[in-house]
Amino acid sequence: MPMTDSQKADQIAELRRQMTVFGMAADSGQNGKDKAQTVDLGLPRMGVMLPALACGALHEVQAADYRDMSASIGFAMALAVCCGRRFSSAPILWCESARPPFDMGHLYGPGLAAFGLDPARLILVAPASAVDLLWTMEEALRLGAFAAVFGEIDGRLPALSLTATRRLQLAAEAGGRPAFLLTGHATGGTSAAATRWDVAAAPSSVDSGASALVGRARWRLRLKKCRNALAGAGADMIDRDICVEWDARRQKLCDVPTPVAAHAQIRRQAV
Amino acid sequence: MKEPRRIASIYLSHWPMDRFFRSLSRSGMAPAACRALRGRALVLAAPVQGGLRIMALTQAAAAKGITAGQSIADALALYPALEVRDADFAGDRAALKRLSDWCGRYTPWTAPDDCGVGAEPDGIFMDITGCTHLFDGEEALAHDLVARLAGFNIRARIAIAATPGTAWALARFCESGVTILPPGQEEKALAPLPLAALRLDHEAIDGLARLGLKRIGDLYGRARAPLAARFGRSVSLRLDAALGSAAEPISPERPLVPYRARLLFAEGLTRMEDVEVAIERLADELCVLLERYQKGARQLELMLFRVDGDVTVLRAGTSAPSRLAPHLARLFHEKLRQTSDDVDTGFGIEAMSLSALAVDPLTQTQKAMMGPSTREHDIEGLMDRLGNRLGAHRITRLQPHASHLPERAGHRMTIMQAGKPMPLPDWRVAALPQFDGVAARPLRMLPAPELIEVTAEIPEGPPRRFRWRRVLYQVTRAEGPERIAPEWWRREGGRTRDYYRVEDSDGRRFWLYRDGLYNRDTEMPRWYIQGLFG
């Protein structure tokens, strides 16, 4: 039986409600452009899982702890792979910082290749100051020619003010490409970012614990902030732990059950 | 038809003294105090053989009977209240070079004149062939130049002639401030001048004087051979050069560029915004020129000529030849914005020039940027701007390197030299085994491996726990060893390393190695951490 127009409209509205997109402005979902403006993280939608990130927006990735810095960088790198796939052939701009808490060395080409990101697509910039770094990111975002723009910057720096993040957010909107700030482990003040993720390392493949081999990279993610949480379904995501795993061979994120119990058990064993 | 060559020689008659007062007023001395000092008897002295001698003096000093070249002791005997300061030859030469740059507002072809009336240079050569119409003729140009220099309190005389030698002689030995000699009259004009006007050394002048030859005219029509035998060839060479029968090239101070655009302003620009608008106009003009010759700029130079006779030079480079006016203009906007504290407009900027110092061929098709190439071009443009603001060495790409030593396998190249990035298959690590989607190499490498304290269950086994940066990590999982031998063909050998991938109780992954094998290399091998997995 063919649907009437009003039924169709209802169904579309319903589908749109179900489409859960991180950080997407509430009014930007018109004309079926949703898909064009998001980055698919390759996660199946399960319960509260949100499958996509908004493109023209600023996202923050922070580490739960100084020791989780490398985990937050790993998760950012997974996002880079997803963005790179979304905007194929566009390069990725990565602004580096060598100061604490980023005193964990430099990106390593063979490691990136093994992780699933073509190192040839990365353009690395190492500005001397935070101001230069923010300027570089803003210029690159406005251009809209990069698949994504990443910036390592200590979240406690006064340069990273609400105004600065607002500028980045506007630049990302103008260029229509995502921006990611890696703010380290101690994020300070308010921010205009669309989302903020808190990342910690998670023990790999708990179920195969007996083998004691290092498994795929796993991270415990926590969505700390989601700008349109009230409008979309992001609200129930806030401050909930999800555990994801990076499959370097298929280059996708897979979600795994949050191993709260197992996690705790292993910690107990270790101590 | 080739235009006849016209050379201007500027003679700065009191250069060391003028520059001395100029540097005083530059260093913040009040104009009134400066003027008062000018009126006093003051000399600049320098040590030569036989003690301190006077190199330059004020008019007041000359009025007391003091002359240049006198020894200080004699001068003080004449006038005990004489003020004596050190002459600064190096500073004079540097300032002369700057002034010569400033003369670039008239013609790109300027050079400080190495030969002065005394031992030190005191003039500037300008090749003004084909430039004079921009300043309403030679005479207007010459008067404009002398008036401007007088405005800087620099006393100057200028002569324009067909050869550098004649211009040099007329500027120094004609009393009038501006001398313009039409082509073909060199012989007549030079005849009454003393031989010193030929830029000969003292020995030659003295020798010729003993023969009764005092004026240049005395040399006309004389047999060359006896003169050459006694005084060397310099006399006839200098004479021929001055008369135009032998060529005398002037080598300009800056590289001569055919791609140059310039603007003159009636009133000095003082606002940075105006300067930026002017840069856009210059870039437009330059791009028209570049397009005519099918070239794209690789290196650019912007010169800002200040009203007070100083020149600011800014340079910018591009990673690919370009003749897009907005792009070229933006390169300098970044520079200006960044150095706006340093770029002092002073009393204003009266002229600007933009030159392409290096160009590469750029055909028409590449300029048409429609369709898919636009994005690549945008990125190139951004890279240029980033490079010019942050420094080109700060923008890098990763480049594979065929080495199995981990720290050598990852390479960085600046974007300017990297050229075309290598595609993924060239990364040797792509061939490394990847078990079930687990990366075998870390995402980040520490700049240098860091020593860690390790407790292992068995000597040759993986670590049980380790301490890095004062934090203790419990190892729950470990994989290894992956043995990597040193590159024995290199001199700095190193030891065999056993690498382990380890995971701590919270899931953090590290790349550790044991440096050296038990019993073969060392009794107690040390452990290092080299990388971090995501």
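Each chain gets a letter, A, B and so on, in the order its sequence line appears, and its residues count up from 1.
- Here the shortest heavy-atom pairing between Leu443(B) and Gly111(A) reads CD2-O, 4.1 Å.
- Listed here is the closest heavy atom pair of Leu398(B) and Gly109(A): CD1-CA, 4.0 Å.
- In terms of heavy-atom pairs under 4.5 angstrom with chain B, the leader among Ala71(A), Ala78(A), Pro127(A) is Pro127(A).
- In terms of heavy atoms, Ala440(B) sits closest to Ala114(A) at N-CB, 4.1 Å.
- Ion pairing of Glu96(A) with Arg394(B) is absent here, as no side-chain N (NZ or NE/NH1/NH2) approaches a carboxylate O to less than 4.0 Å.
- Contact of Phe510(B) with chain A is not made at all, since no heavy-atom distance falls under 4.5 Å.
- In terms of heavy-atom proximity, Pro447(B) sits nearest to Gly105(A) at CD-CA, 3.7 Å.
- Of the atoms belonging to Ala140(A), heavy atoms from both backbone and side chain fall under 4.5 Å from chain B.
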Next on the checklist: Pair Arg389(B), Thr136(A) - check side-chain contact (heavy atoms from CB on, under 4.5 Å), show working.
Outcome noted: CA-CA 10 Å; Arg389(B) 171 159 168 170; Thr136(A) 304; over 6 Å; no
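- Both the backbone and the side chain of Met104(A) come within less than 4.5 Å of a heavy atom of chain B.
- Although no hydrogens or angles enter the test, the distance criterion places a donor-acceptor pair under 3.5 Å between the side chain of Glu479(B) and the main chain of Val214(A).
- For Tyr66(A), the part sitting under 4.5 Å from any heavy atom of chain B is the side chain, from C-beta outward, and nothing else.
- Of the inter-residue distances, the one linking Asp504(B) atom CG with Arg67(A) atom CZ reads 7.5 Å to the nearest 0.5 angstrom.
- For the atom pair OH (Tyr108(A)) and CZ (Phe533(B)), the distance works out to 10.0 Å, reported to the nearest 0.5 Å.
- For the pair Leu143(A) and Leu382(B), the tightest heavy-atom approach, listed with the atom from each and the gap, is CD2-CB, 3.8 Å.
- If you tally non-hydrogen atom pairs under 4.5 Å between each of Glu450(B), Gln530(B), Met445(B), Arg469(B) and chain A, the highest count goes to Met445(B).
- Leu107(A) CG to Arg412(B) CZ: the interatomic distance, rounded to the nearest 0.5 Å, is 6.5 Å.
- When all heavy atoms of Arg385(B) and Trp135(A) are compared, the closest pair comes out as O-CH2, 4.2 Å.
- If you take CZ on Arg509(B) and CZ on Arg216(A), they are separated by 11.5 Å, rounding to the nearest 0.5 Å.
- The number of heavy atoms from other shown groups lying within 6.0 Å of CZ (Arg526(B)) does not exceed 12.
- Atoms CG and OG1, from Leu124(A) and Thr396(B) in turn, are 4.5 Å apart once rounded to the nearest 0.5 Å.
- Ion pairing of Asp506(B) with Arg220(A) is absent here, as no side-chain N (NZ or NE/NH1/NH2) approaches a carboxylate O to less than 4.0 Å.
- No part of Val475(B) comes within reach of chain A, as not one of its non-hydrogen atoms sits under 4.5 angstrom from that chain.
- From Arg444(B), atom CZ reaches atom CG of Leu112(A) across 10.0 Å, with rounding to the nearest 0.5 Å.
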